[in-house]
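Only one structure is covered here, and it is reproduced in the block below.
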Protein chains: 2
Amino acid sequence: MEERDAEMARRVPAAGGHAGDPSVAPTLATVAARAGVSRQTVSNAINNPALLAEETLGKVERAIADLGYSPNLAARSLRTRATRLIGLPFEPAQEGTANALMDRFVHTLVESTREIGYHVLLFAADAEDAEQGYERMLRSTAVDAFVVTETYRGSPQVEYLQRRGALFVAFGRPWDAPDATHPWVDVDGAAGAALATAHLADRGHEVIAWLGWTTDQPIGEDRRSGWMRTMRERGLDTTRLSARGDGTLEYGRRATHALLDARKPTGLVCASDTVAMGALRALHERGLAPGRDIAVVGFDDSLAAQVASPGLSSVRQPLEDIALGVVERLERLLTHRPVDEPGLLLQPTLVVRDTS
Amino acid sequence: MEERDAEMARRVPAAGGHAGDPSVAPTLATVAARAGVSRQTVSNAINNPALLAEETLGKVERAIADLGYSPNLAARSLRTRATRLIGLPFEPAQEGTANALMDRFVHTLVESTREIGYHVLLFAADAEDAEQGYERMLRSTAVDAFVVTETYRGSPQVEYLQRRGALFVAFGRPWDAPDATHPWVDVDGAAGAALATAHLADRGHEVIAWLGWTTDQPIGEDRRSGWMRTMRERGLDTTRLSARGDGTLEYGRRATHALLDARKPTGLVCASDTVAMGALRALHERGLAPGRDIAVVGFDDSLAAQVASPGLSSVRQPLEDIALGVVERLERLLTHRPVDEPGLLLQPTLVVRDTS
DNA sequence: CCACCTGGTTGGAACGATCAAGAATGACGC
DNA sequence: GCGTCATTCTTGATCGTTCCAACCAGGTGG
């Protein structure tokens with residue numbers, strides 16, 4: 001015992017504080033001394049409790065609770081070469097768009113990473129030079145893994161991260177490489193659009209238009225295919241009922257005017273809430289009442305859709321479930337277990353409000 | 001030189017890779033060997049370049065660039081007891097509200113913390129037991145400082161963090177303790193409401209109502225005071241023109257109906273965009289055209305305000321500047337320099353759209 | 001000639017955890 | 001009785017960085 005006491009004296013300088021002094025963070029050695037065991041035993045109590053005898057475990061746990069000890073993350077990281085941090089590139093919602101749907105996603109991500117003992121680290125991802133941001137994080141071993149969003153735009157990050165041997169899970173399918181092996185989670189956009197289209201068809205609409213994105217966005221084309229498929233299934237004509245453009249509000253407005261001039265659709269299915277809000281603006285300008293004269297369905301169930309008057313019907317993405325799926329895959333990666341099902345495709349739901 | 005080579009051999013095991021092998025992260029020792037100097041000199045080159053002779057500095061910088069070295073953050077943290085991480089408690093936007101205005105704030109925060117060499121770490125703040133979340137972060141020395149948001153609700157965290165001796169900057173004034181000494185940044189809500197009220201008065205409105213929050217939210221009372229002050233200045237009557245309640249959409253809707261029945265205001269100034277959207281809904285239900293029959297101004301300039309039809313005029317908070325102010329104060333705290341002006345009150349602006 | 005700077009550099013120790021190996025104990029089989 | 005083994009706990013080394021005290025050369029002052 002003398003030796004141990006001596007070690008204590010060395011480790012914890014005469015701070016004048018008693019054992020529970022919160023101003024001096026307790027270390028493994030502090031806890032070990034209090035519990036009358038060695039450092040390693042305390043370490044085992046935390047990381048591998050099954051190794052300890054029941055009685056010892058109890059002693060150690062009591063000491064930990066008494067001192068309010070939690071392991072120093074830096075020291076742990078240094079030794080294990082793992083930071084228990086997940087990197088999340090953070091881009092703000094663009095002004096003038098309906099909503100940052102990332103909000104719900106990020107929150108669930110934070111909550112469920114915490115449950116597996118991880119935290120979420122935000123970092124700015126330069127739009128033009130995304131690699132640099134990732135590279136810095138990797139070089140300084142700042143994070144153990146990444147959550148990659150916005151993978152639809154050709155996703156150069158995915159290719160880079162894979163080449164670099166970094167761990168990551170993508171929110172978004174690898175559109176340009178369907179045989180990719182990395183884990184991903186995504187929402188079935190085609191099913192969402194189909195849901196919206198079928199909903200309008202069920203309400204008796206026969207001339208249902210699609211307001212989509214430009215052709216080079218696979219996610220937009222995917223959603224469009226759901227509209228197209230449903231129209232075909234119902235035997236409805238689709239000629240000159242499909243618009244495409246950038247996803248802005250202004251585009252939605254103009255495209256709606258054009259469609260109304262051309263084919264007088266009674267229902268509009270939109271690739272995003274932003275576009276749908278543009279459509280509502282066009283209807284407003286023409287004195288048409290959404291929901292009564294023309295039905296509109298958006299996509300994303302943004303806050304704007306929820307608070308707009310009239311309330312905008314919209315396809316809701318299960319962002320919470322997506323985050324859970326992402327974290328589940330992350331955990332497997334981080335514990336070096338195989339991810340048996342790398343891809344997970346979730347089904348959206350339809351929220352019906354006043355506009356349909 | 002023999003000794004140095006020997007050390008190299010020990011430090012970098014026979015990985016088979018050449019010096020630039022990206023699979024083995026270079027360390028200080030690697031760089032030192034390459035530049036022909038000691039570890040400490042490399043460390044100084046990074047942290048205190050002024051100490052080095054110009055020639056030596058050049059050599060070291062070249063070696064760093066060649067090897068693509070960045071310091072291991074865990075090792076640095078362990079030694080310096082600083083993590084270079086800022087903790088940000090993260091709550092999601094509530095469903096059914098106009099918008100998470102945090103989005104813009106967080107992005108600027110991430111960008112400008114990076115510029116001072118810090119990263120932002122999200123953590124889930126339990127609404128009921130906020131202290132626990134902070135305590136965990138502090139105990140494990142996971143972050144160096146916090147950014148505290150939502151300080152309006154009595155702000156128990158602020159009191160706790162101060163007692164605990166933790167570093168933090170608050171987004172939001174210490175309402176209940178005006179003499180508090182901790183650094184904070186906030187927006188002049190009264191000025192914002194005054195701006196909105198004056199704007200309506202300038203357009204000839206004389207019966208301008210206030211749709212606010214419950215009395216126990218000081219931030220709501222602050223904004224209300226701006227309305228009240230401006231009404232008085234203009235010699236306008238305020239009797240039975242002020243509504244208060246929770247900030248929900250439904251409250252905004254009902255309060256608007258009640259006001260219209262009672263006093264027929266021609267202008268509405270709202271404490272938030274959510275409330276304003278509720279007001280718009282009430283107008284919609286009565287067949288009144290916002291902007292023509294009745295003017296409405298919201299608060300926050302949420303995405304919903306931007307995309308709604310008609311576009312909602314709204315008071316815009318300078319969230320980017322707030323984030324900059326927060327980071328500036330953080331930096332002073334972290335470098336142990338005094339914060340000469342702990343409080344910073346910023347002025348909002350008015351974005352005029354269709355509803356006014 | 002020695003003490004004392006000053007600018008530049010150096011090796012050893014320390015931060016607090018985990019890893020790898022080893023030691024004490026008792027149980028078991030031959 | 002002896003070796004083997006499993007269980008349980010301990011000891012020294014180590015991760016990569018920064019702090020500390022000291023060193024070195026060369027100039028200055030006493």
Side-chain angles (χ1 to χ4, degrees), chain A residues 1 3-4 6-8 10-13 24-33 35-60 63-64 67 69-84 117 139-142, chain B residues 1-4 6-8 10-13 24-33 35-60 64 67 69-84 117 139-142:
Chain A
M1 277 302 267
E3 209 173 316
R4 198 168 288 131
E7 188 185 11
M8 269 302 296
R10 190 170 56 77
R11 292 271 170 166
V12 181
V24 177
T27 72
L28 262 194
T30 323
V31 178
V37 297
S38 73
R39 293 190 323 266
Q40 184 60 38
T41 303
V42 179
S43 175
N44 285 336
I46 293 167
N47 301 310
N48 238 329
L51 287 180
L52 299 197
E54 203 168 322
E55 192 194 327
T56 319
L57 183 58
K59 266 195 305 185
V60 175
I64 289 178
L67 295 170
Y69 167 78
S70 15
N72 181 305
L73 298 181
R76 171 181 279 175
S77 296
L78 177 57
R79 188 68 249 240
T80 61
R81 300 168 164 285
T83 59
R84 297 187 157 264
R139 276 273 165 67
S140 51
T141 53
Chain B
M1 277 302 266
E2 284 81 0
E3 208 174 316
R4 198 169 288 131
E7 188 184 11
M8 272 300 299
R10 190 169 56 78
R11 290 272 168 165
V12 180
V24 176
T27 73
L28 263 193
T30 324
V31 178
V37 297
S38 73
R39 293 193 321 269
Q40 184 61 34
T41 303
V42 180
S43 176
N44 284 338
I46 293 167
N47 301 310
N48 237 328
L51 287 179
L52 298 197
E54 203 168 319
E55 193 194 327
T56 319
L57 184 58
K59 265 197 306 187
V60 175
I64 289 178
L67 295 169
Y69 166 78
S70 14
N72 181 305
L73 297 179
R76 170 180 280 175
S77 296
L78 177 57
R79 188 68 252 238
T80 61
R81 303 171 160 284
T83 58
R84 299 189 155 262
R139 278 271 164 67
S140 52
T141 54

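Here is how names work: the chains are called A, B, and so on, in the same order as the sequence lines, proteins then strands, and each is numbered from 1.
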Short side-chain to backbone donor-acceptor contact, [X] and [Y], under 3.5 Å:
{"X": "A:T80", "Y": "A:R76", "answer": "yes"}
{"X": "B:T56", "Y": "B:L52", "answer": "no"}
{"X": "A:T41", "Y": "A:V37", "answer": "no"}
{"X": "A:N48", "Y": "A:L51", "answer": "no"}

So, OP1 or OP2 of [N]: does either fall under 4.0 Å of a side-chain N or O from [X]?
{"X": "B:T27", "N": "D:dG16", "result": "no"}
{"X": "A:R81", "N": "D:dG16", "result": "yes"}
{"X": "B:S43", "N": "D:dT18", "result": "yes"}
{"X": "A:N44", "N": "D:dT8", "result": "no"}

With heavy atoms under 4.0 Å as the rule, sort [X] into base, sugar-phosphate or nothing.
{"X": "A:L52", "result": "sugar-phosphate"}
{"X": "A:T41", "result": "base"}
{"X": "B:T56", "result": "sugar-phosphate"}
{"X": "B:L51", "result": "sugar-phosphate"}

Open item on the list: If you assign each of B:L78 and B:A50 to its closest nucleotide in DNA chain C, which residue comes earlier from the 5' end?
Closed with: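 Closest to the 5' end, via its nearest nucleotide, is B:A50.
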- [ ] Would you mind telling me which residue lines up with the more 5' stretch of DNA chain C, A:N47 or B:L57, judged by nearest nucleotide?
- [x]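 Nearer the 5' end of the strand: B:L57.
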Quick one: the side chain of [X] and the base of [N], do they pair up donor-acceptor inside 3.5 Å?
{"X": "B:R39", "N": "D:dT18", "value": "yes"}
{"X": "A:R76", "N": "C:dT18", "value": "no"}
{"X": "A:R79", "N": "C:dT18", "value": "yes"}

Between [atom2] of [N] and [atom1] of [X], the distance in whole Å:
{"X": "A:E55", "N": "D:dT8", "atom1": "CD", "atom2": "C1'", "result": "12 Å"}
{"X": "B:R139", "N": "C:dG16", "atom1": "CZ", "atom2": "C1'", "result": "17 Å"}
{"X": "B:L28", "N": "C:dT9", "atom1": "CG", "atom2": "P", "result": "15 Å"}

Open item on the list: Could you report the tightest heavy-atom contact between B:P49 and B:A45, atom names first, then the distance?
Closed with: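 Closest pair (atom of B:P49, atom of B:A45, distance): CB-O, 3.6 Å.
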Task: Toward the 5' end of DNA chain D, by each residue's nearest nucleotide, B:A75 or B:Q40 - done: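 Result: B:A75.
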